[in-house]
Trainee: 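Before I ask anything, let me first share the structure, which is written out below as structure tokens.
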Amino acid sequence: MSTIVVFSHLRWDFVFQRPQHLLSRLAQHFPVLFVEEPVYDDGAPFMERSSPAPNVTVCRAHTPIHANGFHDEQLRLLQPMVAQLAPPGEDVIAWFYTPMALPLLQLLRPALVVYDCMDELASFKNPPKQLLQRESALLSIADLVFAGGPSLYEAKRHRHPNVHCFSSSVDVVHFQQALDRDRAHPQQDDIPHPRLGFYGVLDERFDPDLVGTVAESHPEWQIVLAGPIVKIDPERLPRRPNIHYLGQQPYAALPDLLAGWDVCLMPFAINEATKYISPTKVLEYMAAQLPIVSTPIADVANPYGHVVAIAATADEFIAACEAALAQTPEQRRHMIDAMQAVVAATSWTSTAARMRELIDTAPPHTDRRATPRSLDAADDAAAVSLRGDARRGSKVNPLRAHEPHVGTIVIGAGPTGLSAAYHLGADTLLLDRNETVGGWCRSIEDNGFTFDHAGHIMFSNDPYVLKMYEVLLGDNVHWQNREAWIYSKGVYTRYPFQGALYGLPPKVITECVMGAIEARYESAEGRTTAAQAVDDCCADGTTDVCNTDRAVKGEVRNFEQFIYKVWGKGIAKHFAIPYNRKIWTVPLSEMETSWLGGRVPLPNLEDIIQGALEPSPAPLGPNARFGYPLKGGFQALMNGFLPHIKGKIELNADVVKVLPREHIVALRDGRRFRYDDLISTMPLPELVKAIGDEAPEEVRAAAKGLRHVSIRCVNIGIDRVATDKHWIYYPEDTIFHRIFVQGNASPGCNAPGGFGFTCEISYSPYKPLPVDGAALIERAIADCRKVGMIRDGDTILAANQVDMPYAYVLYDHARARNVETCKAWLKQFDITLVGRYSEWEYYNSDHALLAGKRGADIVRAKRTQAQQVGAE
């Protein structure tokens, strides 16, 4: 396999643009090593590595040299490090964004040389003096040249025989999120409409005078500018009450900005720096279907002049903005039709695919062309020096581990980890092994449907959590009354089972009522107290068994005995035992009952009898009213954290080693981070496993003794509304124990004309899946037909499965002892355990949000105490 080694003047974690779009896609086929310009470090030189995307490694050299960029003074130290980047024996594709890195090519012996010319760098402010000469040398040896737009193509096509025009493209799906105009960016909440916005780098290409004139002409217009300020004096930027500087924004937040704008601006200066630019944002604005006003940039006016309003003067620019705000519905329809036609014709994925075809079919690079004659004298001297250094060998080991220091590391970007990062400051690093945040609250899309990893809902009696819901989702939420049902004996009854027996066969009702009466009076001799309500926190139907008005003091040895004692043998037989056995996968006698409130509730006979005689008209229980995002699935709640998190988030960051004494976390890709405090939300057994032999044997044994239940979700989309219910429990003979009806939680989860739901299937070493793969989907569909969720003639529009290896923690009799053994050893280190899997507790999402806050509070309190001690 070939490895792409990229030399870039842009940093990967700067504005997400052409290099990141192309290389993250090419990384599906080639390992990518992205070599950034070096940074100053007064220690020994070393190469810092990070992995911001799958199969992409960013290489940032640290050197004790102050010179900027790929300066001649840096070459002596950079060349030995670069020479060791590619794995031995693999072909190298050398990929340049800046010709200034050309002297670093010498020892790579590339199979192919690519020059992706995205900008005319020589036209930018303060270009290096060797830039033009090195570009000429690069053009003389490159095998392929890609030009970033029509203007650049015309400038380069006569200078190389194999130049291809690849204009800027667009991630349509990402930016079409802005079509949901209810999305909100928190920094815009207090900015009134109309909003005229621009995002991008504020540098010499930006026209501050034009923006100032536009703002002054209409004080009621609000000008929103989002982006870093680079290479220009901030004092040059206009300052008025209706101009709002939001700073650099993450790529994920751009649709939220766009959703709140009325007009998109491209106020570029007309100068040498903008002569050849092909702005990526023009297509991103189009994907959001917003009117665009631009100065006459060549690669915007042609070919997008029929869609974008082009204005050469300040007066024309203001008039174009006025016209954009005054569009008629018919004008807007024509504009949207034209924009859709433009963005439908391009994508970063198709652009990367065409580039890959050219790479695959290009003739191999030859050694004869590897050393250009046109390098200037300084470059020749540097190359000779580098070859000499390579022969002599370097005392610097560029692969030595580097450990950036972070105040707090949070492991796991599920709801608990996101909440912890949300409540902490900028010196926080949030790590997650997945490609998106959310943990098991992530959502996936398939053929227009949105599915969650199992069913999730929002409910809470805590004012702080309710406020968090409001902050994170804004108006993107729907609160509704729960429709939870049970399917047994061929009929539907309302949840909870014991309160809605009406409709079941008479013999079943008789057994349930008589069993409850017997249980009640067998316990009547005990002293009764008010029963404490227990949340059915996961809506899984396992805990409402204990929600009644009175309880007796008493001890039960296990969950099975608890069920019989609380409800009697009828309800136990027909629902509580088979359902709980199905979800927990183990004999219920192996489970204890501390998670159920600590007392033995007495059955409420009046409710049972009334629910047997007539239909129960209203939902009962703690989650009788719940919320769910209108659009985006439960992922929308998780994504709502992103604009508020001040620290850094690293995805595809799989923690494989934790060294608690050294305060170091190591990732699978080799990166290591040193921390002051660690907040872990990863499963407790996995944390102890990552610590390894440093943990005592009894701790490792306790961690291995923690048991859990896994869930496999089979997601199905059909072409008919199957039910009006939100979720349904199945205690009898189906492979699934519950169906969560995604399409009723929010219609926004359904494809047009479709209806989606999720079959939840529990499994464990004690109850393995009976079938797997495609056979599991077929089995779930067959059982859906058996219970009437799918009928003859229904078309299956989507069918997939997702796995949740850790789903429910199992409250067996050894759990408390095992958890305490692990916690007692870990508490001597600066590790805070929070969340369902780290604390090994029965948590729901509102508990998770509060647990994350609690973890952040613990870290802050510890630091405050340390500061006070230090001051004393």
Side-chain angles (χ1 to χ4, degrees), residues 10 15-30 32 53 95 97 114-120 144-157 162-179 198-200 251-252 254-255 257-259 264-266 268 274 276-294 296-310 333-361 445 448:
L10 299 170
V15 176
F16 199 95
Q17 51 188 309
R18 180 186 181 96
Q20 293 91 330
H21 279 295
L22 290 174
L23 294 167
S24 61
R25 287 164 171 81
L26 288 170
Q28 298 174 23
H29 310 286
F30 310 92
V32 173
W95 184 296
Y97 281 106
V114 178
Y115 179 28
D116 187 12
C117 183
M118 64 177 285
D119 286 307
E120 188 65 271
L144 287 171
V145 177
F146 302 144
S151 298
L152 275 174
Y153 174 75
E154 289 300 320
K156 307 299 180 187
R157 69 186 182 93
N162 200 10
V163 181
H164 303 267
C165 184
F166 287 103
S167 299
S168 293
S169 192
V170 64
D171 183 350
V172 177
V173 173
H174 181 69
F175 287 94
Q176 280 183 341
Q177 295 179 88
L179 299 181
F198 166 89
Y199 62 71
Y251 182 72
L254 298 183
L257 284 174
L258 288 169
C264 294
L265 304 180
M266 296 177 62
F268 289 110
T274 61
Y276 298 102
I277 65 171
S278 180
T280 304
K281 62 183 60 60
V282 65
L283 292 168
E284 296 168 350
Y285 290 170
M286 286 190 203
Q289 298 179 9
L290 291 167
I292 306 167
V293 179
S294 175
I297 300 300
D299 286 1
V300 175
N302 182 22
Y304 307 127
H306 66 297
V307 183
V308 178
I310 305 299
R333 280 196 302 273
H334 286 310
M335 178 196 75
I336 290 173
D337 289 343
M339 288 179 169
Q340 288 178 323
V342 170
V343 299
T346 182
S347 73
W348 285 116
T349 299
S350 62
T351 298
R354 294 200 305 273
M355 287 181 170
R356 184 190 171 204
E357 290 174 3
L358 291 170
I359 290 170
D360 289 343
T361 57
E445 294 187 3

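In this chain, residues are counted from 1 in sequence order. Because only heavy atoms are used, hydrogens play no part in the values below, and waters and symmetry mates are left out as well, while side chains stay in.
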Trainee: Using a 4.5 Å cut-off on heavy atoms from C-beta on, say whether the side chain of K281 contacts that of Q17.
Mentor: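 They are not in side-chain contact.
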Trainee: Might you point out which heavy atoms bring I310 and A301 nearest each other, and give the distance in Å?
Mentor: CD1-CA, 4.0 Å
Trainee: Grab the two heavy atoms, one from L179 and one from A288, that are nearest each other, plus how far apart they are.
Mentor: CD2-O, 3.4 Å
Trainee: With Y97 as reference, evaluate D119, L10, L23 under the side-chain contact (heavy atoms from CB on, under 4.5 Å) test and give the passing residue.
Mentor: L23
Trainee: Minimum heavy-atom separation for V307 to A338, with atom names?
Mentor: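 In terms of heavy atoms, the two residues are closest at CG2-CB, 3.8 Å.
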Trainee: Determine whether a donor-acceptor pair (N or O, by modelled atom type, separation under 3.5 Å) exists between the side chain of E154 and the backbone of S151.
Mentor: no
Trainee: Checking R354 now: which residues fulfil salt bridge (charged side-chain N to carboxylate O under 4.0 Å, His left out) with it, not counting sequence neighbours?
Mentor: none
Trainee: Please walk me through it: do V308 and M286 pass side chain to side chain contact (heavy atoms under 4.5 Å, CB included)?
Mentor: CA-CA 9 Å; V308 178; M286 286 190 203; 4.0 Å; yes
Trainee: What are the two closest heavy atoms between D299 and P150, and how far apart are they?
Mentor: OD2-CD, 3.3 Å
Trainee: Report, one line per pair, each donor and acceptor closer than 3.5 Å where one atom sits in a side chain of residues 162-169; sequence neighbours left out.
Mentor:
| residue | atom | partner | partner atom | Å |
| --- | --- | --- | --- | --- |
| N162 | OD1 | H164 | NE2 | 2.7 |
| N162 | ND2 | D143 | O | 3.1 |
| S168 | OG | S278 | O | 2.7 |
| S168 | OG | T280 | OG1 | 3.4 |
| S169 | OG | T346 | OG1 | 2.6 |
| S169 | OG | S347 | N | 2.9 |
| S169 | OG | S347 | O | 3.1 |
| S169 | OG | W348 | N | 3.1 |

Trainee: Please enumerate all residues that pass side chain to side chain donor-acceptor pair (under 3.5 Å) together with Q20, with sequence neighbours excluded.
Mentor: none
Trainee: Please lay out, stage by stage, how F30 and I359 fare under the test side chain to side chain contact (heavy atoms under 4.5 Å, CB included).
Mentor: CA-CA 11 Å; F30 310 92; I359 290 170; 4.3 Å; yes
Trainee: Check whether any side-chain heavy atom of W95 sits under 4.5 Å from a side-chain heavy atom of V32, and report yes or no.
Mentor: no
Trainee: Carefully, step by step, assess H21 and T351 under the rule side chain to side chain contact (heavy atoms under 4.5 Å, CB included).
Mentor: CA-CA 10 Å; H21 279 295; T351 298; over 6 Å; no
Trainee: I want to check something: taking the side chain as every heavy atom from C-beta on, are M266 and I297 in contact at a cut-off of under 4.5 Å?
Mentor: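 M266 vs I297: side chains apart.
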Trainee: Please examine the side chains of V114 and M355, heavy atoms only from C-beta on, and report whether any two atoms are closer than 4.5 Å.
Mentor: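 Contact flag for M355/V114 side chains = no.
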Trainee: Could you list the residues that satisfy salt bridge (charged side-chain N to carboxylate O under 4.0 Å, His left out) with R333, not counting sequence neighbours?
Mentor: none
Trainee: What verdict does the side chain to side chain contact (heavy atoms under 4.5 Å, CB included) test give for V343 and Q289, after you've listed the backbone C-alpha separation in whole Å, the side-chain angles of each residue and the deciding distance to 0.1 Å?
Mentor: CA-CA 10 Å; V343 299; Q289 298 179 9; over 6 Å; no
Trainee: Measure the CE-CD distance between M335 and Q340 for me, rounded to the nearest 0.5 Å.
Mentor: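 Rounded to the nearest 0.5 Å, the CE-CD separation comes to 9.5 Å.
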Trainee: So how far is it from E284 CD to Q176 CD, rounded to the nearest 0.5 Å?
Mentor: 12.5 Å
Trainee: Could you pull out the closest heavy-atom pair between P279 and V300, with the gap in Å?
Mentor: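 Smallest interatomic distance, heavy atoms only, reads CD-CG2, 3.8 Å.
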Trainee: For D116, which residues count as a salt bridge (charged side-chain N to carboxylate O under 4.0 Å, His left out) partner, sequence neighbours excluded?
Mentor: R18
Trainee: Would you name the heavy atoms of A352 and R25 that are closest together and state the gap between them?
Mentor: CB-CB, 3.9 Å
Trainee: Please enumerate all residues that pass ring pair (Phe, Tyr, Trp, His ring centres under 6.0 Å) together with H29, with sequence neighbours excluded.
Mentor: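 Counting only residues at least two positions away or on another chain, H29 forms no ring pair (Phe, Tyr, Trp, His ring centres under 6.0 Å).
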Trainee: Looking at L265, is its backbone amide N or carbonyl O close enough to the side chain of Y285 to form a donor-acceptor pair, meaning the two atoms are under 3.5 Å apart?
Mentor: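 Confirmed, Y285 side chain pairs with L265 backbone.
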Trainee: Answer yes if the ring centres of Y251 and Y199 are under 6.0 angstrom apart, and no otherwise.
Mentor: no
Trainee: Quick one: pull up OH in Y276 and SG in C117 and give me the separation to the nearest 0.5 Å.
Mentor: 10.0 Å
Trainee: Taking the side chain as everything from C-beta on, heavy atoms only, tell me whether E357 gets closer than 4.5 Å to T361.
Mentor: no
